[in-house]
A.B. asks: 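Before we start, here is the structure in question, set down as structure tokens.
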Amino acid sequence: QTVLANEQVIEGRGWRTGALVEKREIPMYFLKITAYAEDLLKSLDELPGWPEQVKLMQKNWIGKSEGVRIGFPYELNGERKNLWVFTTRADTLFGATFMAVAAEHPIAVHASQGNPKLKEFVEECKRGAVMEAELAQIEKKGMATGLSVAHPLTGEKIPIWVGNYVLMSYGEGAVMGVPAHDERDLEFAGKYGLPVKQVIQHPAGDPTAYGMVINSGKYDGLNYQQAVDEIAKDLKAKGLGEKQTQWRLRDWGISRQRYWGTPVPIVHCPACGDVPVPDEQLPVLLPEDVVPDGTGNPLNKRASYVETKCPSCGRPAKRETDTMDTFVDSSWYFARFASPGQDKAMVDERARYWMPVDQYIGGIEHAILHLLYSRFFTRVMRDEGLLPGMAEPFTNLLTQGMVLAESYYRDAGSRREWINPADVSLERDAKGKIVSAKTADGREVVYDGIGTMSKSKNNGVDPQALIDKYGADTARFFIIFASPPTSTLEWSDEGVEGSYRFLRRLWAYAARFAARKGRKGTPTKGARFEIHSVLKQANYDLQKLQFNTVASACMKILNALERLPEEDSAADEEGMSILLRLLSPITPHVCHHLWRELEFGEDVMSAPWPEPDPAALELDEIELVVQVNGKLRGSIRVPKQADKAAIESLAMANANVQKFVAGQSVKKVVVVPGRLVNLVV
RNA sequence: GCCGGAAUGGCGGAACCGGUAGACGCAGCGGACUCAAAAUCCGCCGAUCGCAAGGUCAUGAGAGUUCGAGUCUCUCUUCCGGCACCA
């Protein structure tokens, strides 16, 4: 609230120019995120701990584009005005055959007076789609205003249309229509019989490549950059244009007409206007006994909340009942969490000590909004001196996948009865393919596919039931093992059983291990090689946060240990020690217990992390795959230090290889050290 | 529609820089143990031809680059996430 009451941050009360607010006719409050657009964009390059995918999405969302702002002169009631548009394609200026303005544009509003048909169309546009997704899919419609502008360089008359696809909130709320070089404009022109004038020549054979400007007077023959530069220069000389940077990012409208959310601390006074609630009266607290009834913001019906006194003149005034978007709260909670109990400020020195967050984890669905708002808020807090020197809230970001589960239903009259997957048993054919699904009473249910867990589809899994039945280690192991953290996780009861089976096998192996402990033997080279190779890979996967293959590495090590001959207790001892440490972050309880029980030490969590022994990874003889023309034809064993000639002759000696080389000449031999040899014939 | 992803056996997934596709597990099939079942253990397990050795095909579809492509390039299809007032 301190930050919001600051005039630097609050843009103030205003009328949003978009259709949405016109429709509702309510004041909006904005946070000026656009003031940070350049910083938010540039700093993406300094976030090595963020996924490229997320950074790219944010970059496109901020949407910096360099172009030219162009004024098309027109006369209205004897007054000379300019219709301003923004375009990244100033080189196509001579191809403009119409102008299109948003329904909320002043020209559209003006033209609709005295033109009932146009007025109706303008109203229809305002009532229509609001979301960008809907807007992009609606049929492109338009209507002529009867007005026209002059081409800024030729003076030619160009008609002005109202288009339902033009956004008031981007650029100037008006665009120039160049049907020859823009698909959307072409569709529009085709529909309303507007002329198409080609002004760019593409090189023969490649309609996508840029050729040069044509049909554009003195600009003919120029390439893209030259044409844009020249046209911008000439427009500037006439006062009808200049180069401009445009952003797709809009200011953040935080007003919400509902109960839950932080109150906007403003009082509306008939005499003083909109007055911020003074710091000493903050925070504005919400009443806690409202009952939302679905008929709008319950705060409006609360006289005790709405009726107040003007902080400035003391006369009766009304409290703002809009609350803030809940994204406002989620934009800085991580900093606040580091200052518990602090009731005089947003954050204190403890937040300055702990921030930024080392590792942030959240769903990919937050790639744009939440993660961008948080970066914005951290900058505001920096500039307010709350988090000095800090710009980025999250050093490392991991976007985890959602948990999915199967869902089943049965038609019950007009509606569907959703059956929890736990109550469904499956029948399979000889190959294991599911052929039918039934409940315990033998009645068939319909499989509805796999999707996010939800109450409405009754396909949730209660982790507590799982913990009660198998223990937390089993639940943890399954979740880690089933898929990498960044992918979706498909819930499977059988998979949980498998994880449980693995931990029981480990337990049983540990019992046998304890019984024979102390017996000495000679470690076999092969077993050590296998275990240390797996460990090396697991440590690499761990760095990549690919935990599912770390879990599978643990299974591989146990498999290797179980295959060991009884007398190989040296490899056994070492292998078990590696296994328990590698597995301990995934299943801490079992590992902690076994580590002590088998007398490896007191606490597995404080034992050094296992590292592969380079000596164990050395082999005297290695296996190479032999290919002929890239196809696998056999394998050979060669000494570690064998040279190319030796490898080649060994490869040629292989019986199956000879079958494919016989009668042909070897043109080339590719040797990939440690992997394969390919004979090209 | 735009932006960002993904697609590999019956299923979840693995395959590091382009180098043995299917690791590990689930399900399934066969066997051991058992009076029987459960649990456990052993074996098989992409498709196809073959007694076998081995061959052919196969990583959503189609093309390309390469000695060699699941991996790189282009075109396309389907699905998932986001699109600013769901949060």
Side-chain angles (χ1 to χ4, degrees), chain A residues 18 20-21 24 28 33 51-61 63 130-138 165 169 183-184 248-258 325-327 329-330 363-370 372-373 399 401-402 404 426 428-434 451-452 478 481-484 486-499 501-502 504-505 508 534 537 540-541 544 546 548-549 551-556 559 562 623-635 655-656 659 667-670 672 674-681:
Chain A
L20 183 64
V21 174
R24 281 210 315 240
M28 294 282 292
I33 190 171
E52 288 304 321
Q53 166 200 9
V54 172
K55 291 193 274 185
L56 186 56
M57 282 192 259
Q58 292 211 351
K59 180 176 178 250
N60 292 337
W61 184 260
V130 169
M131 312 279 258
E132 192 186 328
E134 296 170 46
L135 217 51
Q137 281 163 81
I138 55 171
Y165 63 97
S169 50
E183 252 179 70
R184 194 180 51 183
R248 208 187 81 92
L249 184 69
R250 307 199 297 259
D251 274 328
W252 176 13
I254 56 160
S255 300
R256 298 292 182 272
Q257 295 73 49
R258 54 147 187 248
D325 183 359
T326 53
F327 270 132
D329 307 297
S330 60
I364 186 69
E365 71 272 18
H366 291 302
I368 306 288
L369 298 181
H370 166 58
L372 192 62
Y373 291 147
T399 50
M402 294 179 295
L404 309 180
L426 305 173
R428 295 165 193 273
D429 65 13
K431 284 190 171 177
K433 208 172 182 174
I434 295 168
T452 49
F478 169 70
F481 178 65
S483 72
T486 51
S487 310
T488 53
L489 166 73
E490 293 189 24
W491 197 263
S492 140
D493 286 338
E494 291 91 354
V496 175
E497 284 283 350
S499 301
R501 208 173 298 153
F502 165 69
R504 277 214 313 238
R505 246 173 67 211
V534 171
Q537 182 66 48
Y540 177 79
D541 292 347
K544 289 194 302 177
Q546 197 178 18
N548 57 326
T549 48
S552 95
C554 292
M555 288 175 149
K556 283 182 194 173
N559 288 347
E562 286 181 332
E623 192 177 329
L624 287 185
V625 160
V626 185
Q627 297 181 335
V628 178
N629 286 349
K631 287 198 177 238
L632 176 65
R633 297 303 179 195
S635 69
N656 198 45
K659 268 173 34 189
K667 287 195 290 193
K668 189 177 171 186
V669 179
V670 181
V672 182
R675 286 202 176 266
L676 59 75
V677 44
N678 186 16
L679 307 172
V680 185
V681 302

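Here is the naming used below: chain letters follow the sequence lines, and residue numbers restart at 1 for every chain.
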A.B. asks: Starting from C1' on B/G82, measure out to CG on A/L249 and report it in whole angstrom.
C.D. replies: 15 Å
A.B. asks: Kindly indicate, with the supporting measurements, whether the criterion side-chain contact (heavy atoms from CB on, under 4.5 Å) is fulfilled by A/V625 and A/V672.
C.D. replies: CA-CA 10 Å; A/V625 160; A/V672 182; over 6 Å; no
A.B. asks: Counting just side-chain N and O atoms, does A/Q546 come under 4.0 Å of either OP1 or OP2 of B/A14?
C.D. replies: yes
A.B. asks: Using OP1 and OP2 only, check whether a side-chain N or O of A/N559 sits under 4.0 Å from B/C24.
C.D. replies: no
A.B. asks: Within this structure, what is the CG-to-P distance between A/D541 and B/A23, rounded to whole angstrom?
C.D. replies: 16 Å
A.B. asks: Contact class for A/F481 (heavy atom, under 4.0 Å): base, sugar-phosphate, or nothing?
C.D. replies: base
A.B. asks: When you compare B/C44 with B/C26, how far apart are their P atoms, in angstrom units rounded to a whole number?
C.D. replies: 16 Å
A.B. asks: Please report the distance separating the P of B/C83 from the corresponding atom of B/G60, rounded so that it comes out in whole Å.
C.D. replies: 29 Å
A.B. asks: Under a 3.5 Å limit for both distances, which nucleotide forms a Watson-Crick or G-U wobble pair with B/C67, could you say?
C.D. replies: B/G19
A.B. asks: Return the pairing partner of B/C51 with a 3.5 Å limit on both distances, Watson-Crick or G-U wobble; otherwise return none.
C.D. replies: none
A.B. asks: Please determine whether a side-chain nitrogen or oxygen atom of A/R256 lies at a distance below 4.0 Å from atom OP1 or OP2 of B/C85.
C.D. replies: yes
A.B. asks: Would you kindly compare A/A553 and A/N656 by the position of their nearest RNA chain B nucleotide and give the one closer to the 5′ end?
C.D. replies: A/A553
A.B. asks: Given side chains that start at C-beta, do those of A/S330 and A/Y373 come closer than 4.5 Å, heavy atoms only?
C.D. replies: no
A.B. asks: Between A/S552 and A/L676, which has a closest nucleotide on RNA chain B that is more 5'?
C.D. replies: A/L676
A.B. asks: When the distance from CG of A/L372 to P of B/G4 is rounded to whole Å, what number comes out?
C.D. replies: 16 Å
A.B. asks: From NZ of A/K556 over to C1' of B/G22, roughly how many Å is that when rounded to an integer?
C.D. replies: 12 Å
A.B. asks: Using the side-chain heavy atoms of A/A482, tell me which of these nucleotides is nearest: B/U20, B/A15, B/G12.
C.D. replies: B/G12
A.B. asks: Determine the interatomic distance between C1' on B/U34 and the same-named atom on B/G28; round to the nearest Å.
C.D. replies: 23 Å
A.B. asks: Tabulate atom names and distances for all N/O pairs under 3.5 angstrom spanning the protein and nucleotides 37-42 of chain B.
C.D. replies:
from, atom 1, to, atom 2, distance (Å)
B/A39, O3', A/R504, NH2, 2.9
B/U40, OP1, A/R504, NH2, 3.0

A.B. asks: For atom C1', what is the distance between B/G68 and B/G13, given to the nearest Å?
C.D. replies: 26 Å
A.B. asks: At what distance, to the nearest 0.5 angstrom, does OG of A/S499 lie from CZ of A/R504?
C.D. replies: 12.0 Å
A.B. asks: Crowded around A/R675 CZ? As in, over 12 foreign heavy atoms under 6.0 Å?
C.D. replies: no
A.B. asks: Within this structure, what is the CE-OG1 distance for the pair A/M57 and A/T399, rounded to the nearest 0.5 Å?
C.D. replies: 7.5 Å
A.B. asks: Between A/V670 and A/L679, does a side-chain contact (heavy atoms from CB on, under 4.5 Å) hold up when you go through it step by step?
C.D. replies: CA-CA 7 Å; A/V670 181; A/L679 307 172; over 6 Å; no
A.B. asks: I'd like a table of atom pairs between the protein and nucleotides 72-81 of chain B - only N or O on both sides, under 3.5 Å - with the distance next to each one.
C.D. replies:
none

A.B. asks: If the P atom of B/G43 is compared with that of B/A23, how far apart are they to the nearest Å?
C.D. replies: 15 Å
A.B. asks: Can you tell me the base-pairing partner of B/G25? Count Watson-Crick or G-U wobble geometry only, both distances below 3.5 Å, and say none if there is no partner.
C.D. replies: B/C11
A.B. asks: Within the structure, does a side-chain N or O atom of A/K631 lie under 4.0 Å from either OP1 or OP2 of B/C57?
C.D. replies: yes
A.B. asks: Answer yes or no: are there more than 12 heavy-atom neighbours, outside A/K544 itself, under 6.0 Å from its atom NZ?
C.D. replies: yes
A.B. asks: Which value, in whole Å, describes the distance between the P atoms of nucleotides B/C29 and B/A47?
C.D. replies: 15 Å
A.B. asks: Just checking A/A367: base, sugar-phosphate only, or nothing, at a heavy-atom cut-off of under 4.0 Å?
C.D. replies: nothing
A.B. asks: To the nearest Å, give me how far apart NE2 (A/H370) and P (B/C85) are.
C.D. replies: 16 Å
A.B. asks: Can you figure out which of B/G13, B/A21, B/C16 approaches the side chain of A/Y540 most closely?
C.D. replies: B/C16
A.B. asks: Can you measure A/R248 atom CZ to B/A84 atom P for me and round it to whole angstrom units?
C.D. replies: 9 Å
A.B. asks: In whole angstroms, how far is the P atom of B/C83 from the CG atom of A/D325?
C.D. replies: 12 Å
A.B. asks: Which whole number of Å gives the distance between the C1' atom of B/A27 and that of B/G81?
C.D. replies: 30 Å
A.B. asks: Could you tell me which non-hydrogen atom of A/N548 sits nearest to which non-hydrogen atom of A/F481, and how far apart they are?
C.D. replies: CB-O, 3.5 Å
A.B. asks: Quick check on B/A14: is either OP1 or OP2 less than 4.0 Å from any side-chain nitrogen or oxygen of A/N548?
C.D. replies: yes
A.B. asks: Answer with yes or no whether A/Q537 presents, from its side chain, a donor or acceptor under 3.5 Å of a partner atom in the base of B/C16.
C.D. replies: yes
A.B. asks: Within the structure shown, what part of the strands sits under 4.0 Å from A/W61 by heavy-atom distance: base, sugar-phosphate, or nothing?
C.D. replies: base
A.B. asks: Does a donor on one side chain and an acceptor on the other come within less than 3.5 Å for A/N559 and A/K556?
C.D. replies: no
A.B. asks: Nearest of B/C24, B/C85, B/A84 to any side-chain atom of A/R250?
C.D. replies: B/A84
A.B. asks: Roughly, in whole Å, what's the span from CG in A/L369 to P in B/C85?
C.D. replies: 8 Å
A.B. asks: Which atom names give the shortest non-hydrogen contact between A/I33 and A/D251, and what distance separates them?
C.D. replies: N-OD1, 3.1 Å
A.B. asks: What does B/G4 pair with, Watson-Crick or G-U, if both distances are under 3.5 Å?
C.D. replies: B/C80
A.B. asks: Kindly give the atom pairs (protein nitrogen or oxygen, nucleotide nitrogen or oxygen) under 3.5 Å for nucleotides 62-70 of chain B.
C.D. replies:
from, atom 1, to, atom 2, distance (Å)
B/C67, O2, A/N678, ND2, 2.4

A.B. asks: Taking syn as within 90° of 0 and anti otherwise, name the glycosidic form of B/C51.
C.D. replies: anti
A.B. asks: Side chain of A/E494: nearest nucleotide among B/A27, B/G4, B/A15?
C.D. replies: B/A27
A.B. asks: Any donor and acceptor pair, going by atom type alone, linking the side chain of A/R633 with main-chain N or O of A/Q627 inside 3.5 Å?
C.D. replies: no
A.B. asks: Short question: side chain of A/N629, backbone of A/V681 - any donor-acceptor pair under 3.5 Å?
C.D. replies: yes
A.B. asks: Assess whether side-chain contact (heavy atoms from CB on, under 4.5 Å) is satisfied between A/T486 and A/Q546, documenting all intermediate values.
C.D. replies: CA-CA 9 Å; A/T486 51; A/Q546 197 178 18; over 6 Å; no
A.B. asks: Checking A/I254 against A/F327 for the side-chain contact (heavy atoms from CB on, under 4.5 Å) test, could you report, in this order, the C-alpha distance in whole Å, the side-chain angles of both residues, the deciding distance, and whether it holds?
C.D. replies: CA-CA 8 Å; A/I254 56 160; A/F327 270 132; over 6 Å; no
A.B. asks: For B/G28, does the O4'-C1'-N9-C4 (purine) or O4'-C1'-N1-C2 (pyrimidine) torsion place it in syn, i.e. within 90° of 0, or in anti?
C.D. replies: anti
A.B. asks: Take atom C1' in B/U71 and the same atom in B/G18, then report the distance between them in whole Å.
C.D. replies: 6 Å
A.B. asks: Between B/A27, B/A14, B/G25, which nucleotide gets closest to the side-chain atoms of A/M555?
C.D. replies: B/G25
A.B. asks: Regarding A/T549 and A/D541, do their side chains bring together a donor and an acceptor under 3.5 Å, going by distance alone?
C.D. replies: yes
